[in-house]
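What follows is a single structure, written as structure tokens, with notes after it.
For the single chain, residues carry numbers from 1 onward in sequence order. None of these values were measured; they are calculated from a predicted model.
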Amino acid sequence: MSWVLNDVLEVRGARHAVLVSGDGLLLQRSDEISRDDAETNAAAMSSMQSLSRAVAGFVGAGHGIWKQTLLEYDGGWIFLIAAGQGAYLAVSAALDVDMEAMSFRMQKTVAALSKAMSVAPRSDNGVGA
């Protein structure tokens, strides 16, 4: 599935992408990030999404559904969004990244991930004939 993550890196300025479980496990990583770095960042991104959800009500009553976390650093940005039930997509990018293009590509990637990870229901409901 790394091909799906590598697709998000087509946006100019994108650096790395990781797919993370809600409990901090690395599910997948783009090619250019080492496994050790990806696992460290996966744990941190899991904590970040949890923190972001916890403070969502701060935007106002009835408007506190978390959609995306955007973090700015001296050297770039981190984008974090939900990627299905119990999974999150995090992408690091340079300061000059086109933020709208990155958000759009991440949404497109999440849609592709849900298709790639979905399993068609069995027609016999698991009951042998």
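Residues in residues 45-60 take part in no salt bridge (charged side-chain N to carboxylate O under 4.0 Å, His left out) pair, two or more places apart or across chains. Applying the salt bridge (charged side-chain N to carboxylate O under 4.0 Å, His left out) test to residues at least two apart or on different chains, none of the pairs has a partner in residues 78-88.
Scored by the side-chain hydrogen bond (donor to acceptor under 3.5 Å, both in side chains) test, Ser21 finds Asp23 as partners (sequence neighbours excluded). Not counting sequence neighbours, the partners of Glu39 by the side-chain hydrogen bond (donor to acceptor under 3.5 Å, both in side chains) test are Arg35. Applying the side-chain hydrogen bond (donor to acceptor under 3.5 Å, both in side chains) criterion to Trp77, with sequence neighbours excluded, gives no partner residue. Not counting sequence neighbours, the partners of Arg105 by the salt bridge (charged side-chain N to carboxylate O under 4.0 Å, His left out) test are Asp7. By the side-chain contact (heavy atoms from CB on, under 4.5 Å) test, Tyr73 is found to be paired with Leu71, Ile78, residues two or more places apart in sequence or in another chain being considered.
The OG atom of Ser34 sits 7.0 Å away from atom CZ of Arg29, with the distance rounded to the nearest 0.5 Å. Taking CD of Gln107 as the reference point, atom CE of Met102 lies at 12.5 Å (rounded to 0.5 Å). Atoms OG1 and CG, on Thr69 and Leu80 in that order, are 5.0 Å from each other to the nearest 0.5 Å. The distance from atom CG of Asn41 to atom CD1 of Ile33, rounded to the nearest 0.5 Å, is 5.0 Å. Between the CG atom of Leu5 and the CD atom of Gln28 there is a distance of 5.5 Å, given to the nearest 0.5 Å.
Closest approach of Leu9 and Ser30 over heavy atoms only: CD1-CB, 3.5 Å. What you find for Ser46 and Gly22 is that their closest heavy atoms are OG-O, 2.5 Å. Ser52 approaches Trp66 most closely through the heavy-atom pair CB-NE1, 3.3 Å. Residues Met45 and Val20 approach most closely at CB-CG2, 4.2 Å, considering heavy atoms.
Checking side-chain atoms of Thr40 against main-chain N and O of Asp36 turns up a donor-acceptor pair under 3.5 Å.
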Can you give the donor-acceptor pairs under 3.5 Å from side chains of residues 91-101 to other protein atoms, not counting sequence neighbours?
{"from": "Ser92", "atom 1": "OG", "to": "His16", "atom 2": "N", "distance (Å)": "3.2"}
{"from": "Asp96", "atom 1": "OD2", "to": "Arg12", "atom 2": "NH1", "distance (Å)": "3.2"}
{"from": "Asp98", "atom 1": "OD1", "to": "Glu100", "atom 2": "N", "distance (Å)": "3.2"}
{"from": "Asp98", "atom 1": "OD1", "to": "Ala101", "atom 2": "N", "distance (Å)": "3.1"}

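More than 12 heavy atoms of other residues, nucleotides or ligands lie within 6.0 Å of CD in Gln68, so this atom counts as buried by the packing criterion.
When each of Leu70, Thr109, Leu89 is tested with Ile81 by the rule side chain to side chain contact (heavy atoms under 4.5 Å, CB included), just one qualifies, namely Leu89.
Hydrophobic clustering (side-chain heavy atoms under 4.5 Å, transitive across Ile, Leu, Val, Met, Phe, Trp, Tyr) keeps Leu26 apart from Phe79.
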